[in-house]
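Heavy-atom basis, side chains included; hydrogens, waters and symmetry copies ignored. We count residues from 1, following the sequence as given. On a predicted model such as this, the values are computed, not experimentally measured, just so you know.
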Amino acid sequence: MPEPEATGTERNTASPGTTPDSPPPTGGLSPRSVAAWVLVALIGAIGWGVLALSRGEEISAAWLLAAALGSYAIGYRFYARFISDRVLKVDKTRATPAERLDNGVDFHPTDRRVLFGHHFAAVAGAGPLVGPVLAAQMGYLPGTIWIVAGVIFAGAVQDMVTLFFSTRRDGRSLGQMARDEIGPVGGAAALIAVFAIMIILLAVLALVIVNALAHSPWGVFSIGMTIPIALFMGVYLRVLRPGRVTEVSVIGVALLLLAIVAGGWVAESSFASTFTLEKETLVVWMIVYGFIASVLPVWMLLAPRDYLSTFMKVGTIALMALGVVLAMPTLKMPAVTDFAARGDGPVFAGSMFPFVFITIACGALSGFHSLVSSGTTPKMIQKETQVRVIGYGAMLTESFVAVMAIIAACIIEPGLFFAVNSPAGVVGTTVETASQAVTNFGFAISPEALAQAAKDVEETSLLSRTGGAPTFALGMSQIFSSVIGGAGMKAFWYHFAIMFEALFILTTVDAGTRVGRFMLQDTLGNVHKSFKDISWKPGVWLASAVVVGGWGYFLWVGVKDPLGGINQLFPLFGIANQLLAAVALAVCTTLLVKSGRLKWAWVTGVPLAWDVAVTLTASYQKIFSDDVKVGFFAQRDKYQTGIDAGKVLPPAKNMDEMHTVVTNATVDGALSALFALLVIVVLLDAGRTCFKAISSPESIRLSEVPWTESKIVAPAGLIPTAEERAELAASGLDSGGGRAKEPVA
């Protein structure tokens, strides 16, 4: 299609019949609403007060829950609405790409409830489950503050604003928007950085799934069954019973619960061996699945599967929160540990600033989300007014997952936490050596207690089960067993949690693969115009094969060689993700300035400045630190010196592994430097573009598509307001919305 014309003014962002500075249509609060919101604010404030003022004593995890939920409610109701109405000026009369370009494959207007499920499932991967668990090394308070404040003022803002601007540009990818709006230099750097980082993130997420499902017939069967269930739901909604979202939801959830229960039966049956897969086999199946999910129409598999998994994700986390309220577990971890100041923690090295922010990543601010917000979601959203509930709301939901993860990590005994999350080189391989090592950290736990903890969940050992997932499962099993079944159910809930985490992450991999395909097609479209049509079959197949081949290669190497391959990229996961967020926030800030919203540029500019300060500081330390526990090149020099002297240094067991460590550290350092350099180029070019927009606004052009009137009627939120219900009824539509029906003559 021809390149759309646009100007550098804000006139295209306002609804017909209004001016850009017209006040948005907002209703005042009734006295009852004022009283309700004051109560919500008080609950949140009291929760924060208890957390901040407690000194040494154990407090209930319910206070942490109250602080988070109260803050989320205030942030969504007031700050998100301010951004949506005042800053972005969302336009309900403007047709979205899903409506204008509907082709039933990638562009398809999707019920906002289904799309919320898809978007949440696509963005909520390993990060909110794993990052907060690891960050608990610093204590529960630093991580909790960043998770809640970070999502309200940075993470959810990034997701919503990116979704809005991509929707205004036919759903273009983040990298392509950077090229179109910032310029060829910064755009090229962004395209390279975004695509390379995404391949690494997908490979890391996939490795977590493979490790969780290997030799687990229950997990493999239950998660495998979500695919045919999703296909059935897709056909049901598209062909059999169009628009019957509630109906298909009930059927889908019932089938999902049956699949979970049946997974336990399969694990105890003669079919267990069929579903007991090696890691290499899982890699092959994941690559095949990733390719198929990327090329099939989005309504057939991806959207219904993500929607289905969201029921399990949100339902499990909600039940976990209810369990916290009922069981009232206490936070065993101190508010702030000594490791926060010293920076020598056994779980990860580095001081609280910047590494607690890098480690938490997805729970507060995630660059990966911007890829989904400029990937699948803008091609499916019915109305611009839904960016608030889908972009901001889904990110708040993920942040709540992170809050539950930090609760799960902090209600177990600190001694057990460090025994589980510290590497074998630190705590040894026996309960006796682990007990002694943990005692040296200042957190006592007996060998008998460590052995009993493993026995309770029917594991041979819990020592050095690093990565965060086992710790989250331990915390979840403790909460659920306190409410349902007692200690005898701990093993069941532990293995349920492991399977839950695998499902949580898999939906990010399939959606991420499709987003990577869009991104690559956008990039190749600059060379060959046919690729700009993201539904052009040869382009779809080629780009999908390249993306799954990229992350599949690193995944295969990581599975085959535990000391090399993808494992070398784990230290880069948090840094790369936050650098990606810097690119997204830079693009959003540039677009706010270029579109005449300079006075509101602080909305994304402030979190951008914070993210850049944190991430570049972490990158600098990882590259140049002399501490071998922190600096990549310092680690490389240590092991290279050992090789030169003919010595084998732990954790290596022979010279081959010594060379592998050297290679890993070199690649880590080089990639850290490359990513940081590319992001700096993007930031400098974005600054140049913003200065030009301010000094010579008449010379600015936007790639925003022209306004087209929307024929779709749909609510802005998950629950229609009274006004929206009346509008739907007048248009002959149910609560799902759709194209207004023509009156019968």
Side-chain angles (χ1 to χ4, degrees), residues 6-10 13 83 87-88 153-155 157-162 164-166 168-169 172-197 354 357 365-367 370-371 373-374 523 526 575-620 623 672-704:
T7 68
T9 70
E10 197 181 331
T13 67
I83 296 173
V87 179
L88 302 179
F153 297 108
V157 173
Q158 171 209 254
D159 293 12
M160 178 170 67
V161 177
T162 302
F164 172 80
F165 282 126
S166 180
R168 285 282 176 98
R169 287 156 179 77
R172 289 181 187 167
S173 67
L174 175 65
Q176 189 61 38
M177 285 198 295
R179 186 182 185 279
D180 293 341
E181 303 290 357
I182 293 178
V185 176
L191 285 168
I192 296 170
V194 169
F195 188 74
I197 290 173
F357 307 100
L365 172 64
S366 172
S370 68
L371 304 183
S373 293
S374 62
T523 303
N526 296 316
I575 291 178
N577 196 29
Q578 299 299 279
L579 286 172
L580 192 53
V583 174
L585 289 168
V587 171
C588 290
T589 304
T590 302
L591 283 169
L592 286 175
V593 174
K594 289 181 66 176
S595 61
R597 300 175 173 92
L598 176 60
K599 67 179 180 180
W600 304 124
W602 59 267
V603 169
T604 54
V606 171
L608 170 62
W610 170 259
D611 184 49
V612 169
V614 168
T615 312
L616 292 185
T617 299
S619 298
Y620 181 87
I623 296 168
S672 293
L674 174 63
F675 291 157
L677 180 62
L678 289 171
V679 171
I680 289 172
V681 171
V682 173
L683 294 173
L684 292 175
D685 210 17
R688 176 194 62 79
T689 302
C690 289
F691 179 79
K692 182 180 178 182
I694 296 169
S695 59
S696 305
E698 69 282 353
S699 65
I700 294 301
R701 292 176 60 82
L702 293 171
S703 61
E704 182 177 295

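Here the side chain of Thr589 pairs no donor or acceptor atom with the backbone of Ala586 at under 3.5 angstrom. Listed for the Asp611 side chain is a donor-acceptor partner under 3.5 Å among the backbone atoms of Ala582. Remark: the backbone N or O of Ser696 is paired with a side-chain donor or acceptor of Ser699 at under 3.5 angstrom. Between the side chain of Ser374 and the main chain of Ser173, no donor-acceptor pair closer than 3.5 Å is present. Looking only at distances, a side-chain donor or acceptor of Lys594 sits under 3.5 Å from a matching main-chain atom of Glu181. In this structure, Arg597 contributes its side chain and Val87 its backbone to a donor-acceptor pair below 3.5 Å.
Looking at every heavy atom in both residues, Val593 comes nearest to Ala693 through CG1-CB, 3.9 Å. Scanning both residues, Val583 and Ala190, for their nearest heavy atoms gives CG1-CB, 4.1 Å. Heavy atoms only, all atoms of each residue included: Ala189 and Val682 are closest at CB-CG2, 3.9 Å. For Pro354 against Thr617, the heavy-atom pair with the smallest separation is CG-CG2, 4.0 Å.
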| task | Apply the test side-chain contact (heavy atoms from CB on, under 4.5 Å) to residues Val612 and Val679: give CA-CA distance (whole Å), side-chain angles for both, the deciding distance (0.1 Å), then the verdict. | result | CA-CA 9 Å; Val612 169; Val679 171; 5.8 Å; no
| said: What verdict does the side-chain contact (heavy atoms from CB on, under 4.5 Å) test give for Met177 and Ser703, after you've listed the backbone C-alpha separation in whole Å, the side-chain angles of each residue and the deciding distance to 0.1 Å? | reply: CA-CA 8 Å; Met177 285 198 295; Ser703 61; 6.0 Å; no
| Should Leu616 and Ile680 be marked as a side-chain contact (heavy atoms from CB on, under 4.5 Å) after you check the CA-CA gap, both sets of side-chain angles, and the distance that decides it? | CA-CA 9 Å; Leu616 292 185; Ile680 289 172; 4.2 Å; yes
| query | Checking side-chain contact (heavy atoms from CB on, under 4.5 Å) for the pair Ile575/Phe675: CA distance, chi angles, key distance, verdict? | reply | CA-CA 9 Å; Ile575 291 178; Phe675 291 157; over 6 Å; no
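Centroid-to-centroid, the aromatic rings of Phe357 and Trp610 come within less than 6.0 Å.
Here the OG1 atom belonging to Thr604 is positioned 14.5 Å from the CZ atom belonging to Phe153, to the nearest 0.5 angstrom. The CG atom of Asp159 sits 9.5 Å away from atom SG of Cys588, with the distance rounded to the nearest 0.5 Å. Taken to the nearest 0.5 Å, the NZ atom of Lys692 stands 13.0 Å off from the OG1 atom of Thr590. Leu608 contributes atom CG, which lies 6.0 Å from atom CG of Leu683 (distance to the nearest 0.5 angstrom). Phe165 contributes atom CZ, which lies 14.0 Å from atom CZ of Arg172 (distance to the nearest 0.5 angstrom). Note that the OG1 atom of Thr689 and the CD1 atom of Ile700 stand 7.0 Å from one another [nearest 0.5 Å].
A donor-acceptor pair shorter than 3.5 Å can be found between the side chains of Asn577 and Ser366.
The shortest side-chain heavy-atom distance between Leu592 and Leu598 does not fall under the 4.5 Å cut-off. At a threshold of 4.5 Å between non-hydrogen side-chain atoms, the residues Leu678 and Leu579 do not count as touching. Proximity of Val614 to Gln578: side-chain heavy atoms (C-beta onward) are nowhere separated by under 4.5 Å. For the pair Leu591/Leu702, a side-chain contact is recorded, criterion being any heavy-atom separation below 4.5 Å from C-beta on.
Legend: residues meeting ring-ring contact (aromatic ring centres under 6.0 Å, His included) with Phe691, ordered by chain and number and at least two apart, are absent.
A salt bridge does not link Asp180 to Arg169: none of the charged nitrogens lies less than 4.0 Å from a carboxylate oxygen.
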